[in-house]
Protein chains: 2
Amino acid sequence: MSTTASTKQGRETRERIVRAAAALMGQNGASATTLDDVRAATGVSKSQLYHYFGDKRGLVEAVVEHQCATVLGLQTHALAAVSSWEDLERWADLMVAIVEEQGARGGCPIGTLAAALSDVDEELRTSLSEAFRAWSDAIRGALTRLRDTGQISVDADLDALTTRMLSAIQGGLLLAKTSRDANQLRVALDGAIAQLQASARVRH
Amino acid sequence: MSTTASTKQGRETRERIVRAAAALMGQNGASATTLDDVRAATGVSKSQLYHYFGDKRGLVEAVVEHQCATVLGLQTHALAAVSSWEDLERWADLMVAIVEEQGARGGCPIGTLAAALSDVDEELRTSLSEAFRAWSDAIRGALTRLRDTGQISVDADLDALTTRMLSAIQGGLLLAKTSRDANQLRVALDGAIAQLQASARVRH
DNA sequence: CGACGGCTGGACTGTCAAGTCCAATCAGCG
DNA sequence: CGCTGATTGGACTTGACAGTCCAGCCGTCG
């Protein structure tokens, strides 16, 4: 079938392919990277690609899953450690630093895939949408902690604040990547955090 | 050369091609739409594509220019009419309504192109970055008007607020398109506007 | 050991897409 | 009208890419 990998060796090969494919697709886009590109980057043979992924769409699907898992792993881990404003700012600084050190290229792997695939493949769109939802949950978890420790007002709309935060991340990353200026992300995130801090006080 | 179109008829043909290509590339992505797709959608012959655009990259370039001009035309026009909070909310409502009526598909033409092309073609990246800058200028113009009429504090950081607004637009559109839910854009824009209104009062 | 099944190599095919070329129109102008 | 250059039609070439096929390899387990 498409996703065979029972041996340890098999799983490693599969993993190696997915990683390389993810990098190539992140750079050039999913539809612009060819199976031969992946082959060249990994030294793997044609039949291996079809052995592990069935067809190109299967590979793209594996890349989507891999990128979602990677980003969510990092994000849920980092956000789980947030319980103060300083923590939240450190988390923001971390994202800006990552973007900076790649020369403001690439942007968010999930965001890039979402922009390219949402209108093309309904199933992949659903996976990516689900990933955004999971990311939102992680953010909302951090905000809930801030609220429960009295740092955000109890009648703040956490769902809305969460969506705004994720919008700021995605929008900021897109602007940063397009202008090659990580500062755009910096400003967007600062704004979202400032808005959270504004809701530390009860409104109206 | 690549961009020949001296006759009126020629300009119309060129325009028709660009429009169709923009629609196709918006739907399927630039690299996934073939010249034959464009040909089929327009009833134009192969040589016409090469006559007017030189090669495929030339067509993509024309599409980028067209989409930037279209979006900026709408945005600068709409934003130039903004001189009160109600106007700003109407502007936001308009964007949400547009997204809604397309079933939350497609997102921002500029944003989609930027996500796909920024890491691929430096010249196109520059054009798209420039478009974002022009869009920012239009937003900043509206905010400046609000400040000059006393609706925003004089010591508000308009540049930062502008970047946050554009981030909210782009992030909100991406989330909306991925989840097929225009409400995500709604929430993101409401947040950005709320933050502006918060800076109506002098801070700290 | 022997055989089974996952794994790998790589040649091969069919299709499709970019780009070329040349001849045929067509529009405007002296 | 007759000329010039823009415009158009469409066949053709070339290369690349997705996908197929089969033979050989290698680890594992009875």
Side-chain angles (χ1 to χ4, degrees), chain A residues 1-64 116-117 120-121 123-124, chain B residues 1-64 116-117 120-121 123-124:
Chain A
M1 294 302 147
S2 14
T3 317
T4 317
S6 31
T7 312
K8 182 189 171 195
Q9 183 193 18
R11 257 169 286 130
E12 279 167 0
T13 304
R14 200 191 123 99
E15 179 73 11
R16 197 159 47 93
I17 296 171
V18 174
R19 268 208 231 288
L24 287 168
M25 290 179 182
Q27 176 97 32
N28 307 319
S31 86
T33 76
T34 72
L35 295 182
D36 277 327
D37 290 339
V38 177
R39 228 176 45 67
T42 52
V44 110
S45 78
K46 208 70 179 293
S47 60
Q48 283 168 287
L49 295 178
Y50 284 90
H51 179 69
Y52 291 113
F53 306 101
D55 62 3
K56 185 178 175 180
R57 194 203 164 274
L59 178 57
V60 174
E61 192 175 342
V63 167
V64 168
L117 300 174
V120 171
D121 188 304
E123 192 185 326
L124 296 179
Chain B
M1 295 301 146
S2 14
T3 317
T4 317
S6 31
T7 311
K8 182 190 171 195
Q9 183 193 17
R11 259 169 285 131
E12 279 167 359
T13 304
R14 199 192 122 99
E15 180 72 11
R16 199 157 47 92
I17 296 171
V18 174
R19 267 208 232 288
L24 287 168
M25 290 180 182
Q27 176 98 33
N28 308 319
S31 85
T33 77
T34 72
L35 296 182
D36 277 327
D37 291 339
V38 177
R39 227 175 47 66
T42 52
V44 111
S45 78
K46 207 71 179 290
S47 60
Q48 282 169 290
L49 294 178
Y50 284 90
H51 178 68
Y52 290 113
F53 305 101
D55 61 4
K56 186 178 176 180
R57 193 204 165 274
L59 178 57
V60 174
E61 191 175 343
V63 166
V64 168
L117 300 173
V120 171
D121 188 304
E123 193 185 326
L124 297 179

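In this text the structure is predicted, and so the values were computed from the model without any measurement. Numbers restart at 1 for each chain; the letters A, B, ... are given by sequence-line order, proteins then strands.
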Hey, is the side chain of [X] poking within less than 4.0 Å of OP1 or OP2 on [N], counting only N and O atoms?
| X | N | answer |
| --- | --- | --- |
| A:Y52 | C:dG6 | no |
| A:T13 | C:dC7 | no |
| A:Q48 | C:dC7 | no |

### Message
As an exercise, state the distance from CG of A:L49 to NZ of A:K56, rounded to the nearest 0.5 Å.
### Response
11.0 Å
Spacing between [X] atom [atom1] and [N] atom [atom2], to the nearest angstrom:
| X | N | atom1 | atom2 | value |
| --- | --- | --- | --- | --- |
| A:F53 | D:dC17 | CZ | P | 19 Å |
| B:L24 | C:dA17 | CG | P | 13 Å |
| B:L59 | C:dA18 | CG | P | 10 Å |
| B:H51 | C:dC21 | NE2 | C1' | 15 Å |
| B:R39 | D:dA11 | CZ | C1' | 12 Å |
| B:R14 | D:dT8 | CZ | C1' | 17 Å |

### Summary
B/S/- along nucleotides 18-30 of chain D (protein heavy atoms under 4.0 Å) is BBBB---------
### Task
Keeping the roles fixed (side chain from A:T7, backbone from A:Q9), state whether a donor-acceptor pair exists under 3.5 Å.
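Answer holds: no.
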### Task
Answer yes or no: is there a donor N or O on one side and an acceptor on the other, between the side chain of B:Q48 and the main chain of B:S45, under 3.5 Å?
yes
### Message
I'd like to know if A:E12 pairs up with A:R16 as an ion pair, taking the criterion as any Lys NZ or Arg NE/NH1/NH2 lying under 4.0 Å from an Asp or Glu carboxylate oxygen.
### Response
no
### Task
Answer yes when B:E15 and B:R19 have at least one side-chain N-carboxylate O distance shorter than 4.0 Å, and no when they do not.
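A salt bridge is present here (some side-chain N lies under 4.0 Å from a carboxylate O).
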### Query
With a 4.5 Å limit on heavy-atom distance, are the side chains of B:V60 and B:D121 in contact?
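When only atoms from C-beta onward are counted, B:D121 and B:V60 do not touch, as no gap falls below 4.5 Å.
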